Amino acid sequence: MDIYFVKHFLQRYGFLVYNTGVCFRGIYNILYKPSISVALLLIVVSIMASAAWASGVNFEIALSNTTLTVGEGAQLSLIFNGDRGAPQPPTPQLDGFSVNYNGAATRMSIINGSASSSVTYNYFIVPMKTGDFKIGPFTHEYDGKTYTSNEITVSVVDSAGAASANNPPPPAAQGRHEPSKDSPKGINDRVFVTLKPSKTTVYANEIFTVRVKLFVRDISVREASFPQMADSGFSVSNFDKPIQAKETINGQMYDTVEFTTTAFAAAPSNSLKLGPASLKCNIIVRANIGNVPRGPFDDDFFNNFFSSARAEAVELKSESLAMKVLPLPEEGKPKGSFKGAIGSFGLTAAAEPHEVKTGDPVTLKMTVTGRGNFNSVTAPDIAENNPALKYYEPQIKQDKTSKTFEEAVIPQANTVQSIPEIVFSFFDPDKKAYQTIKKGPFPIKVTGEATSGGAKIVGPAQVAGENKPVEKEILGKDVVFIKERPGALVKISDRQIQPYHNPIFIAFLFVPPLLYIGAAIYAKRSHRLRHDVRYARGLRAPKKAKQGLKTASGLLEMEKEKEFYDAVHKTIYDYLGDKLHMPPGEIMSEKIFQLLEQKGLDTSTLKEIFEACDMTRYARGGLGRAEMQKTFKHLEDFIDQMERIRL
């Protein structure tokens, strides 16, 4: 019999089998124990009624909180009552929410003979903008039937407007300006990305500056990556090191991170789009674990105690911008000297040395400086073609603000008096006109006879008519003759010790294989470090943790509480991510605690560390030096315990 069929049958009808057994026992009691017949008959009737009720499947949804603030997480549950074998439905697509699957739970209970079962699929949702939203109804097809859930209305408010009339916002939050009508409402008003080019109308091959800026307000953002530009017909360079600053928009203070690069378009077009620019990061959101009743202890400390924080991965995108790329004008284009250079440039040139002999090289050094597309800059042209000068290919050196050409010029006749004038033409997009720069001629003095340029044999000079005697060669000085009589033969062992009897020689015999083995081990380890990410992260974890402990210890001595707990959180966050090879979003989930407990590790210390970090982040008052020392000791003990076990 098919195992799957048996399992599926028991999941759906196990409680019916149980109820059937109860019915047979009731019949037995009725026949042989009349005193309890009436009571048992009532029980049987109730069981049959409950079995008939349980045979139906009911699909419903529930939300842990129907009033949320932007960035505050909640748990959405999809519940199938009456059947634990209902499969997981597709992940709900909710407009204005970030949705992530958070696991499943099954339940079966028998109360007073009434059996019931259910399966629940949980999702973690985070609102991204304000407004009233309807979740559901959802439909799900299962076992040939279509089930429809109920509908839930969720109200999402901005964090600044979450306070009620009875609980006014703190003085620091009062008087804050509302965001402009053009800005997005919700989390996109607190963390967003903008794209701004230095100009929107450019010429083909013109370099322009592109700035991508990340704005953050009233939310914690971590692990922001470098921006990525969509492929839209522009060549974009790598981004420079970002610059952090603060900026005020409509009365709201934002922390900003600006990324700068350059771009250009190779071909003209009237309908190119720049961007959008996308940036990936993690935002820290709060999720309510349960509903806390309001009362005399309604305070931020107690509310945050029953909440947990988690990292939610988001991808921010800017708007794309319309760009116009113009072709270079034909009017005024220099003939011959213009080769496509575009920008605002200057030219310096010099020829050295000023006095040479025929056939000796003169170095002509030409440097183009300024701003623009240096990839389009070529060597300046020689205005005049002198057959007595031979030119060689120049050596080129380039950086961000200059391009240098060093060209060797060889005069082949003493009639050469100068190196001709050089001409460099380019198009200046700021002036919208072509520019031409001329340098030279460069005077030089050439001495000596003219050279044909052919090869010649150079030897010692000999005066005409001088009869210089030939030096007598001494035979045997540079030629060793063959010995006809080798002489008396002597054993080598009688003259010196054999090399293989020398301990040093024997030791050197082992050097090559040892070097080979060491090189093989090193190559294998290097290959594994490059290709086995889990192994590399595991080796890196204790080193980074040691550095983090050193930083936290210094902050503890200086009693900088906020910086201390930030350092502790970063140290344990990075250590667990590297040690367990887990993505950042799962570090603070229940999954990591289950994994560590399966390895036999006590997770109570880790939970205390996370609770201390979260309490410091949300509590109004400090915890004190004693709690800081306790947290630091917990951190040391946990890392030491992790290093002792084999994961």
Side-chain angles (χ1 to χ4, degrees), residues 73 102 124 220-223 282-290 300-313 537-538 540-647:
N102 205 28
F124 187 79
S220 180
V221 175
R222 296 179 181 174
E223 300 180 1
N282 290 334
I283 62 173
I284 306 302
V285 298
R286 290 171 50 196
N288 288 332
I289 298 178
D300 288 343
F301 173 81
F302 293 97
N303 291 337
N304 291 322
F305 182 79
F306 290 97
S307 299
S308 63
R310 60 177 286 170
E312 185 75 15
R537 293 185 69 184
R540 188 171 63 238
K543 296 180 181 179
K544 291 177 64 177
K546 185 177 180 181
Q547 295 176 355
L549 286 172
K550 183 177 180 181
T551 302
S553 177
L555 296 171
L556 175 60
E557 293 298 328
M558 293 184 289
E559 296 187 0
K560 294 184 177 181
E561 183 172 337
K562 184 178 183 301
E563 293 80 359
F564 168 78
Y565 281 102
D566 287 342
V568 169
H569 186 276
K570 185 178 186 305
T571 299
I572 192 66
Y573 196 88
D574 294 345
Y575 177 77
L576 290 174
D578 291 337
K579 194 71 175 178
L580 302 177
H581 189 54
M582 299 181 68
E586 296 183 1
I587 298 300
M588 300 180 68
S589 66
E590 291 295 331
K591 181 179 179 181
I592 189 172
F593 295 108
Q594 297 176 0
L595 178 61
L596 294 177
E597 289 172 356
Q598 291 175 0
K599 299 293 183 179
L601 190 70
D602 184 11
T603 59
S604 59
T605 302
L606 179 60
K607 292 179 180 179
E608 291 184 12
I609 294 174
F610 280 140
E611 289 176 359
C613 293
D614 292 341
M615 193 176 299
T616 305
R617 186 178 298 112
Y618 300 115
R620 295 177 177 174
L623 300 180
R625 181 180 178 85
E627 288 296 328
M628 293 170 63
Q629 292 175 339
K630 180 181 177 182
T631 302
F632 184 78
K633 185 66 169 58
H634 284 339
L635 180 61
E636 286 184 321
D637 293 343
F638 178 76
I639 293 177
D640 180 68
Q641 189 179 6
M642 283 284 292
E643 291 301 318
R644 294 176 183 272
I645 65 175
R646 183 181 181 88
L647 297 177

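Residues take their numbers from the sequence shown, with the count starting at 1. What you see is a predicted model; the values in this text were computed from it and never measured.
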Compile the donor-acceptor pairs under 3.5 Å between side chains in residues 544-558 and protein atoms, sequence neighbours left out, one pair per line.
from	atom 1	to	atom 2	distance (Å)
K544	NZ	D578	OD2	3.3
T551	OG1	Q547	O	3.1

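- Atom CG of L601 and atom CE of M642 lie 6.5 Å apart (nearest 0.5 Å).
- The minimum heavy-atom distance linking A313 with N282 is given by the pair CA-OD1, 3.3 Å.
- For the residue pair A612 and Y565, the shortest heavy atom distance occurs at CB-CE2, 3.8 Å.
- With sequence neighbours excluded, the residues that form a side-chain contact (heavy atoms from CB on, under 4.5 Å) with K633 are E636, D637.
- The minimum heavy-atom distance between M628 and E559, with the atom names listed, is CE-CA, 4.3 Å.
- Partner D566 forms a side-chain contact (heavy atoms from CB on, under 4.5 Å) with one of H569, K570, K562 and no other, that one being K562.
- The two atoms that bring E643 and P542 nearest to each other are OE2-CB, 3.9 Å, heavy atoms only.
- Atoms CD and CD, on E627 and Q629 in that order, are 10.0 Å from each other to the nearest 0.5 Å.
- Going from atom OG1 of T603 over to atom CD of E608 covers 10.0 Å, rounded to the nearest 0.5 Å.
- Once rounded to the nearest 0.5 Å, the distance linking OG of S604 with CD of E611 reads 10.0 Å.
- Annotation: side chain of L596 is in contact with side chain of F638 (closest heavy-atom distance under 4.5 Å).
- Annotation: side chain of L576 is in contact with side chain of L606 (closest heavy-atom distance under 4.5 Å).
- The line from CD1 of I572 to CD1 of I639 is 5.5 Å long, rounded to the nearest 0.5 Å.
- Ring geometry for F564 against F632 counts as tilted: the plane angle lies between 30° and 60°, on a 0 to 90° scale.
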